[in-house]
Amino acid sequence: MTAGTTSPVLSARGIGKQFAGVEVLRDVDLDLMPGEIHALLGENGAGKSTFAKIVAGVHRPSRGVLTLNGQVVDVANPIIAQRLGITLIHQEPISFPDLSVAENLILGRQDGAALGAVPWRQMTRDAQGLMALLGVAIDVGRPMRGLSIADQQMVEIARALASDSRVIIMDEPTAPLTPKEVATLFTIARRLRDEGRTIVFISHRLEEVRALCDRVTIFRDGNRVATEGIADLTDADIIRLMIGRPVKEYMHKRGTEIGEVALRVSNLTRAGLFHDISFEVRKGEIVGLGGLVGAGRTDVAQAIFGIAPADSGTIEVHGKRAQIASPVDAIGLGIAFVPEDRAVAGIFRSLPTDQNITAAVPRKIAPFGMIKAGLERAMALDAVSRLRIRLASVRQPIGELSGGNQQKAILARWLLADPSILVLDEPTRGIDIGVKAEFYDMIGDLAANGRAILLISSELPELLALCDRVLVMAEGRLTANLARGVASQETIMQAAVPKGDGLARSGKAAA
Amino acid sequence: EPLKIVYIGKNTGNPYFDSITAGFEDACKSLGCEFQFLAPATAEATSQIPIIEAQIQRGVDVIGISPNSADALNQVLDAAKAAGILVLTVNGDVVGNESRRAATILPVDFTKTGPNQVELMGSMIGYSGEIAILSATTEAPDQNVWIAAMADTLKNDAKYKDMKLVATVYGDDQPEKSTTEMEALLANYPDLKGVIAPTTVGIAAAAQVVQSRGIADKVKVTGLGLPSEMRDFIKDGTVEAFQLWSPYNEGWLAVHFALGVLDGSVKNEVGGTFEVPNLGTITINENNSMNTQAELTKFDKTNIDDFSF
Amino acid sequence: MTGWRHILLRREAGIAVMIVLFCLSVGAVKPQFLTLDSLRIILLLVPLIMIGAMGQMLVLLARHVDLSIGSMLGLTAMASGMMFRYMPEVWWPVGFLVSVGLGAVLGLFNGALVTVFRLPAIIVTLGTLNLYRGLTFIMSDAKQIDRQYVPSALKSMSVTSPIFGIPWIIFISFGVAILTYWFVMHTRIGRQIYALGSNPVAAPLRGISVTKVTLVVFAISGALSGLAGILYASRWGFVNPSNTGSGFELQVIAAVVIGGVSINGGVGTVAGTVLGVVLLGCVSAALPLLGIPGTTQSAIYGAVILLALMIDRLVRMQGMARSTRAAVP
Amino acid sequence: MTGWRHILLRREAGIAVMIVLFCLSVGAVKPQFLTLDSLRIILLLVPLIMIGAMGQMLVLLARHVDLSIGSMLGLTAMASGMMFRYMPEVWWPVGFLVSVGLGAVLGLFNGALVTVFRLPAIIVTLGTLNLYRGLTFIMSDAKQIDRQYVPSALKSMSVTSPIFGIPWIIFISFGVAILTYWFVMHTRIGRQIYALGSNPVAAPLRGISVTKVTLVVFAISGALSGLAGILYASRWGFVNPSNTGSGFELQVIAAVVIGGVSINGGVGTVAGTVLGVVLLGCVSAALPLLGIPGTTQSAIYGAVILLALMIDRLVRMQGMARSTRAAVP
Ligand SMILES: Nc1ncnc2c1ncn2[C@@H]1O[C@H](COP(=O)(O)OP(=O)(O)OP(=O)(O)O)[C@@H](O)[C@H]1O
Ligand SMILES: Nc1ncnc2c1ncn2[C@@H]1O[C@H](COP(=O)(O)OP(=O)(O)OP(=O)(O)O)[C@@H](O)[C@H]1O
Ligand SMILES: [Mg+2]
Ligand SMILES: [Mg+2]
């Protein structure tokens with residue numbers, strides 16, 4: 001069922017969105033037809049979730065209008081969206097851990113007075129019905145706390161089903177699900193479509209999109225670049241459209257020889273997260289680690305750094321077997337880790353920038369426990385000028401800097417520690433193009449100075465430009481080890497797209 | 001310019017000190033001086049110190065104080081004296097540090113409190129049976145003196161040989177705690193005939209327990225209480241009689257004495273006497289102490305309505 | 001039996017077992033502890049704390065805390081007390097309206113500071129703890145409302161009984177508990193309190209008004225403090241500007257926390273809270289009976305709180321072990 | 001001028017301005033307030049609070065709170081007091097060791113409960129507030145240590161002066177403030193306290209031991225409460241089991257929070273805390289001089305706390321507006 005005869009149930013016109021001055025959606029026009037399953041595709045950060053959230057009233061657009069059945073609507077908050085018949089299944093399942101499953105299902109759907117009665121009996125009955133429909137065996141009376149991510153996702157899906165909405169947006173609903181659960185979800189999605197409802201399906205898994213969707217819209221860098229019938233596009237077309245930005249040319253420097261093995265990981269396994277991971281990184285080498293979101297790359301990095309050590313397998317550092325049970329051990333071995341979520345795991349928001357920069361080298365600035373303020377300041381100033389961090393003063397709280405400059409400060413922090421091995425998890429996420437280029441230079445210089453670098457990135461051009469070798473993970477397994485030259489957008493994507501035989505993450509992910 | 005007199009109570013919101021204050025106020029009105037009442041929010045030993053310091057700065061002429069501690073105030077009292085202020089302790093003294101103040105005004109000779117209370121209790125229970133004491137805090141100095149005197153009287157006076165003191169408990173001057181302690185006394189000593197509560201909070205709590213259990217004929221409650229708090233219990237027969245003195249007169253006497261000393265008409269020396277309207281002749285006893293009355297006043301159905309405090 | 005009920009029962013059964021064990025051991029030493037009479041004593045000890053605990057439970061469920069309840073109790077009791085004293089012609093039950101209404105207003109003020117200025121509740125209510133107490137002093141000119149001014153009908157509510165010889169005041173406090181149970185379990189807003197405390201970030205995504213829920217819990221906490229205030233006047237027959245209600249917050253928070261309500265929001269039940277209140281009541285009643293000086297009570301209180309918490313935590317750690325991933329992304 | 005200094009200065013300048021304005025207005029009514037004498041009074045009011053505030057500041061910086069400091073003050077003061085009484089032959093300065101050492105142990109116990117059982121500090125220290133107070137009663141048999149037992153040399157520290165007529169005790173308290181400044185600004189562990197409070201998730205990634213830092217802040221808070229305890233005996237010349245230190249925690253937390261230390265960890269300076277303490281000292285000294293009854297003090301205290309907080313919040317909201325992302329996933 002494609003466009004033409006029927007009129008769209010929901011149209012977006014000129015939707016734009018800025019976060020703190022950064023434009024993440026630009027002038028998006030999109031029509032959703034009744035009775036279609038419409039895929040949204042695009043790289044990480046392309047703006048899919050942001051668009052979904054605008055439609056569902058979580059964010060308000062900076063520009064543009066939404067029209068529902070021909071009428072302009074102001075979806076000011078999620079409740080209004082619900083009333084208008086728009087439901088969003090969030091990428092991260094929303095749960096209220098202390099409420100029962102049944103209540104999580106009903107919360108936000110009920111209308112009425114504050115003192116209106118909670119219909120426990122009916123609620124429980126309905127919830128059981130929905131769970132049966134989805135074929136999951138979850139006791140609806142138990143609290144959400146302790147449910148696996150997959151089960152939480154199923155509850156989210158059940159919630160959307162129960163809502164009777166005309167438009168249901170599913171933001172990567174299948175990421176944590178097993179193939180069987182995915183199949184059930186698809187059956188239900190098709191049935192809903194046949195009832196005339198509209199489903200928006202966001203996923204990175206092309207084969208799922210092919211199996212389920214009628215039309216696809218592709219986002220790139222906040223722009224809608226194409227909307228086509230799924231049959232009209234080949235996989236290659238889709239990938240080209242998704243990643244086809246003009247890659248900023250970065251000159252791959254090859255200063256130093258690649259030396260001996262600095263980091264060797266063998267058969268690293270952590271139940272439910274990653275399995276049998278083996279690779280090595282040599283001195284002076286930049287090894288990329290690619291894959292789709294949720295492939296388990298961060299978990300591998302965390303295991304190497306001792307945040308959440310692996311269950312089995314070994315890590316060797318400079319040829320010696322290493323026992324890494326906590327970050328302190330890893331730091332002691334000369335490993336540095338730049339985490340992906342800057343705000344949560346990286347910065348000390350309320351502290352001055354200089355203290356943030358020197359945070360990883362307490363022994364250097366405070367040899368006997370006493371801080372040498374002059375030295376600290378000098379080191380911070382040096383890092384600021386070397387990395388061209390833009391700030392008013394090194395005493396400025398880091399929380400006031402822009403995201404890119406925060407990220408530079410964190411990188412500076414680890415450079416001060418003079419690590420021999422650097423693990424960078426999405427170091428350029430949320431950073432503007434200009435700064436990115438600086439980063440690439442810096443990373444190249446680091447390798448040129450003989451450091452071993454493991455670079456986790458979801459941006460293919462970045463991996464291709466920087467890396468001597470690219471590892472690819474899919475569903476917790478290493479699926480490719482591509483030398484520079486062999487690695488291309490196509491080969492990486494091929495290895496990254498799950499084949500459905502990976503680790504069954506559901507249930508175990510939270511076990 | 002009128003003389004400035006302040007009275008510093010133990011704590012605010014305590015009806016007992018309100019009554020002393022009324023005596024101060026009325027005397028100042030009739031004699032023409034400027035009066036102010038001050039008190040800390042809690043009866044903490046140190047909480048009066050900043051108040052006294054501020055009064056020294058303010059340049060008052062007379063400080064009357066009911067001290068929260070016998071020795072925490074030494075320095076600041078010395079400073080007040082050095083600044084030429086006449087310092088009187090009222091209702092309680094800085095025992096052991098008498099040299100820090102000019103004189104003390106006590107309602108009654110406190111050595112009489114214990115025996116008077118025992119006698120009153122005895123008269124209510126026919127001088128025989130088990131009795132208990134419900135006091136304030138374990139450290140309350142006045143109460144401890146009285147309790148010691150009660151025990152002494154019971155032991156040494158043959159008149160009370162059939163009365164047996166079975167327990168002394170402490171309600172910390174909190175209604176809740178006093179109530180549970182009273183309840184526990186009743187549970188632990190089923191033959192209890194009477195309870196002496198030499199503290200205003202304790203006697204009210206004890207009376208309330210007796211009232212709510214309807215056992216006023218079996219367990220007699222007496223002690224030291226305020227007429228305003230005990231009026232109901234006297235009227236409904238829960239409590240036959242209790243004792244106290246007139247806090248009002250303490251304030252009244254303090255002002256007359258202070259103004260007399262300052263204008264030279266009263267000599268502050270042991271053995272001296274002077275006249276005070278309504279109170280008659282007052283004698284300055286040992287340690288420069290004086291009393292407003294000779295014996296405790298007994299309150300019962302016949303006179304409870306004559307007292308407004 | 002569902003997992004949910006399982007944990008619930010374990011937690012509350014734990015307190016119930018503690019209560020039974022405690023009472024039996026005290027009874028072994030002092031048989032009079034196991035009489036109806038001492039049940040009456042215990043029940044008469046708890047009404048005010050019970051009422052305060054219901055309000056505090058709601059506040060904690062929403063991930064806040066209300067330290068000002070003792071001062072609100074004092075101020076609302078004083079307001080009614082002054083009405084009784086200076087307007088004796090007013091029909092006495094109006095005192096309930098005055099105290100409860102004023103309490104609700106004071107609670108709303110707390111809630112408004114918390115929501116409008118986004119200040120932490122612990123600090124806001126620490127401030128109003130002082131502020132409300134000071135207002136009580138100013139309003140009353142630091143004068144106690146004596147027994148003679150408190151209407152006899154009000155006072156007799158703590159003595160006379162509608163049925164079974166159990167005084168009115170106890171019925172009222174258990175009535176409040178039952179109402180609270182209905183409120184949190186069977187009204188939409190009640191469930192929203194749990195949701196907010198459980199996940200404050202996600203709550204608005206489900207259409208829960210954080211402002212509204214926060215105002216409601218603080219207003220209820222204030223109103224219930226007001227109810228406790230007028231009942232204080234009933235129970236003790238006087239209102240004192242400095243003593244009335246002081247320290248109430250600590251007793252109440254102790255009871256609520258022992259009852260299994262989490263300071264981190266979202267977790268807690270009315271039944272648990274009632275049991276927590278009763279456990280503290282048993283302890284308070286038993287100590288003097290055992291001849292333990294009232295002063296030791298503090299230490300035992302403290303120990304009971306810590307013990308109950310550790311047990312709770314151990315139970316909870318087991319529960320959590322199942323659902324935790326490294327908390328680091 | 002940098003943004004950081006800007007805010008810092010604004011925050012601390014704000015309190016300083018409040019102090020100056022307050023003193024000038026009081027001085028306008030009562031000129032004696034602006035004399036050296038009254039400075040002495042103010043300074044003598046603050047030493048204990050100052051010392052307690054330094055410990056509490058560290059605890060708050062690490063995102064905890066210590067409600068037990070008043071009880072620790074009482075218990076440590078009593079321990080030394082009993083030594084003075086029953087072992088008069090012991091050289092009196094040993095009292096400092098006893099109080100400070102015992103305080104550190106009590107603080108460590110708090111810290112251990114917080115880290116081992118992962119209990120919220122507010123509840124743990126609410127429990128030990130009761131527990132330690134109870135232990136004081138038990139240990140002392142509820143008897144006060146009278147003035148006669150406290151060594152004169154100790155008492156005279158609050159009177160005699162090494163220089164400028166300023167008593168020792170004031171020097172000690174400002175010495176503690178300076179040491180704390182050096183500790184938080186110039187030692188590794190001091191910095192780690194800020195880091196932990198600023199981002200408890202990121203701290204372990206930097207190799208900061210959460211357990212160690214938590215134990216350290218509670219131990220210091222306890223040790224400083226111990227120091228305040230022995231100085232209490234010096235200043236007031238006696239130790240009372242129920243009064244000594246009671247309510248200390250509220251005064252201290254009020255001062256610290258007014259001084260700009262955030263209850264959410266990571267934010268706060270020694271200078272701000274000192275100013276917060278001084279502001280409360282000025283208020284306490286001025287009220288009786290103005291003839292305002294001590295009871296109104298509560299209300300004014302409460303109002304000052306709330307006011308200072310609102311100002312702080314408004315400043316902070318501005319600062320945050322620039323760097324906030326929607327908190328919605
Ligand atoms: N609340 C927010 N504040 C600031 N920036 C945001 C916010 N939410 C998203 N962004 C940014 O907007 C951009 C688009 O993000 P969005 O989540 O829409 O991407 P997406 O296409 O859903 O990616 P993914 O496939 O990774 O889920 C990203 O650069 C992201 O960092
Ligand atoms: N705290 C958590 N609890 C449970 N599951 C989680 C948690 N965090 C992440 N996951 C899930 O674990 C899976 C693997 O996540 P991980 O972060 O290792 O993947 P990744 O390949 O690094 O992806 P990204 O590109 O987002 O970093 C994802 O499906 C994610 O949803
Ligand atoms: Mg997304
Ligand atoms: Mg990752």
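Here is how names work: the chains are called A, B, and so on, in the same order as the sequence lines, proteins then strands, and each is numbered from 1.
Taking CG from D/Leu135 and CZ from D/Arg133, the interatomic distance works out to 11.0 Å, rounded to the nearest 0.5 Å. Between atom CG of residue C/Leu61 and atom CD of residue C/Gln192 there is a gap of 13.5 Å, rounded to the nearest 0.5 Å.
Taking chain D as the reference chain and counting heavy-atom pairs below 4.5 Å, the highest number among C/Val65, C/Ile253, C/Ile123 is found for C/Ile123. Between chain C and the options D/Thr136, D/Leu250, D/Leu67, heavy-atom pairs under 4.5 Å are most frequent for D/Leu250.
The closest donor-acceptor contact from the side chain of C/Arg63 to the backbone of C/Gly197 lies under 3.5 Å.
Within the 4.5 Å cutoff, the side chain of D/Met78 has no heavy atoms near those of the D/Thr244 side chain.
Of the atoms belonging to C/Ile300, not a single heavy atom falls under 4.5 Å from chain D.
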